[in-house]
Every structure is written in structure tokens, then in C-alpha cells.
Amino acid sequence: MTTLQERLRLMVVTKPEPACGRSLPQVVAECVEAGATAIELRDKSATARELLEQADPLTEVVRAAGALFVVNDRLDVALACGADGVHLGPEDIPVAAAREVVPPGFLIGYSTDDPVEAATAAEDSADYLGVGAVYGTRSKEGLANEAIGPARVAEVLAAAGLPGVGIGGITSKNAQDVVRTGAGIAVLRAVMDAPRPADAVRELLRATGW
């Protein structure tokens, strides 16, 4: 049976307009066909209605490929579109509160770079963690110079006893160091800003030995 950690080997985090110029559904379809094991829909500026409009055409595409589909931040949208789960942060609805209202098997991810907070998330029934920014990131304001490094990823996941992904500044050149910690990888710019997103996915998989 495939474990959750195996299903989190390569998570592609989306942005509404991929740099290649093709539509988001087209790019997501290319990514899962190329081997991405999970897709996280992310659009911090969208309303709930707008995010649902983005999510609906992606849900079946991702599911048909056997990949996971999760929605960033918005539990309401994740439930409405039939996603596999939601990924929450410290400013979102608490993990424990989300667990009370979601159906059995619904995945809850949580973002943290703190071992104590990670352990608390596990106690509150989080299923997996997103840990970063591993190498810094320009995808979130104020984190360009906040690099925690792969060793911290391992520390956080060990404290929680949960599977997870490292995120933030990961490319094919440094992904292997993250994978060696036992984590999967989550990428945004490395795929969404690539002229050929599917090729970027394949290169990441090759670089990590997957």
C-alpha cells in the first residue's frame, strides 16, 4: 500500500497564471502526467468563489492521475470541490477545529518550522507538515532570507512523528538534500515559472532519484 509520505514525494504548488502562458488546468494536467504526486491549489488573493472556480476543473484531473489534491488555507473551498485535503497555516482555522468538521480520510496539512508547534499539530490530528522556508523563498513576503536548511526539516518532522514536505527555494540542484531527510518536496516557482512545467517536474524527479 502506498504511504502518505510516498504520495507527498513531489507536491506542485500552483499560481493562477503559470509563466508558460498555458491555462492552470493544462499545466496541472501536464504536471501530474509527468509524475507529480500532489497538487496544492494556492491563490492568496482569490475570494472563496474565485478559488472554487479554479479548483473545480482541477479536482478530477488530479484524481484521475492518482495524485493528491489539496487546497491552501481555505477549508470551505476544499470541502466544496471535493479535494483530498486542506493545507493550513498558523493564521487559518486551527487543525483541531478543522478535524471536527471534515469527513473521514480528509487530509489536513499544517505549515511550521518549529518542532514544538509541529508536535502540537500532530496532537491536534494533522496528517502531514509543510516545513520551510528551506532555502528561502520569494513566493511569500519576508521569507527571501529566512532559510532554515534541510536539517531543520528533519528535526521538525521527527518532533511531530508525521510525514511532510520541505518547501521554499527548492530546485533540482538542492532537492536531494531535502529528500535525504526523509521528506518530500513542495515547489512553486521551480515548476510554475518554468517554460516547460512537465520537464521541470521530470527533472526534479530525476534529481531526487524518484
Side-chain angles (χ1 to χ4, degrees), residues 2 4-46 50-73 77 81 83-85 87 109 111 128 130-141 143-144 147 150 153 164-181 183-210:
T2 303
L4 179 55
Q5 186 62 74
E6 289 171 329
R7 301 191 75 187
L8 294 170
R9 287 185 302 179
L10 174 54
M11 174 180 282
V12 174
V13 183
T14 71
K15 67 178 187 179
E17 297 181 358
C20 66
R22 293 188 295 284
S23 71
L24 183 58
Q26 286 178 303
V27 169
V28 166
E30 293 170 11
C31 288
V32 293
E33 183 178 349
T37 57
I39 300 292
E40 179 181 314
L41 176 63
R42 180 181 186 267
D43 186 348
K44 296 290 189 179
S45 64
E50 291 167 343
L51 195 62
L52 182 59
E53 289 172 354
Q54 289 186 52
D56 279 337
L58 303 184
T59 307
E60 290 306 318
V61 169
V62 178
R63 181 171 288 119
L68 289 176
F69 181 52
V70 301
V71 176
N72 181 268
D73 294 349
V77 174
C81 73
D84 296 299
H87 192 91
S111 292
Y128 73 93
V131 188
V134 184
Y135 299 109
T137 179
R138 287 179 288 167
S139 298
K140 278 192 174 182
E141 186 177 350
L143 294 182
V153 175
V165 294
I167 187 169
I170 296 174
T171 69
S172 59
K173 295 181 179 178
N174 58 31
Q176 184 62 51
D177 290 335
V178 180
V179 171
R180 287 193 185 104
T181 72
I185 55 174
V187 296
L188 193 158
R189 295 176 64 88
V191 172
M192 287 289 116
D193 285 358
R196 297 179 179 84
D199 287 349
V201 167
R202 293 187 188 99
E203 179 58 30
L204 284 160
L205 292 170
R206 283 193 294 268
T208 52
W210 291 327

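Residues: numbered from 1 along the sequence shown. Quick note: numbers below take in every heavy atom, side chains included, and nothing from hydrogens, waters or symmetry partners.
For the pairing with L204, the side chain to side chain contact (heavy atoms under 4.5 Å, CB included) check across D199, V12, I185 returns one residue only, I185. Exactly one residue among V62, D73, N72, L51 makes a side chain to side chain contact (heavy atoms under 4.5 Å, CB included) with L41. That residue is L51.
No side-chain heavy atom of V178 sits less than 4.5 Å from a side-chain heavy atom of T208. No side-chain heavy atom of L188 sits less than 4.5 Å from a side-chain heavy atom of I167. Annotation: side chain of Y135 is not in contact with side chain of T171 (no heavy-atom distance under 4.5 Å). Considering only heavy atoms from C-beta on, V201 stays 4.5 Å or farther from E30 through its side chain. Put simply, the side chain of V13 does not reach to within 4.5 Å of the side chain of M192, judged on heavy atoms. Within the 4.5 Å cutoff, no side-chain heavy atoms of P25 are placed close to those of V61. Under the 4.5 Å side-chain criterion, counting only non-hydrogen atoms from C-beta, Y128 is in contact with M11.
In this structure, the side chain of T59 does not engage the main chain of A83 through any donor-acceptor pair within 3.5 Å. Judged by distance alone, with hydrogens and angles left aside, the side-chain atoms of D84 form a donor-acceptor pair with the main-chain N or O of F69 at under 3.5 Å. Distance alone, capped at 3.5 Å, places no donor-acceptor pair between the Q5 side chain and the A183 backbone.
Taking each heavy atom of A190 and A200 in turn, the nearest pair found is O-CB, 3.4 Å. D177 and P150 get closest at one heavy-atom pair: O-CB, 3.7 Å. Closest approach of C31 and P197 over heavy atoms only: SG-CB, 4.1 Å.
Interatomic distance, CZ of R202 versus CD of E33, reported as 7.0 Å (0.5 Å rounding). Remark: Q176 CD to R206 CZ distance equals 14.0 Å, nearest 0.5 Å. One distance of note links CG of L205 with OG1 of T37; it measures 8.0 Å at 0.5 Å rounding. The distance from atom CD of E53 to atom CG of D43, rounded to the nearest 0.5 Å, is 11.5 Å. Taking NZ of K15 as the start and CG of L24 as the end, the distance is 11.0 Å to the nearest 0.5 Å. Distance SG/C81 to CD/Q54: 11.0 Å, rounded to 0.5 Å.
More than 12 non-hydrogen atoms from other residues, nucleotides or ligands lie less than 6.0 angstrom from CZ of R22.
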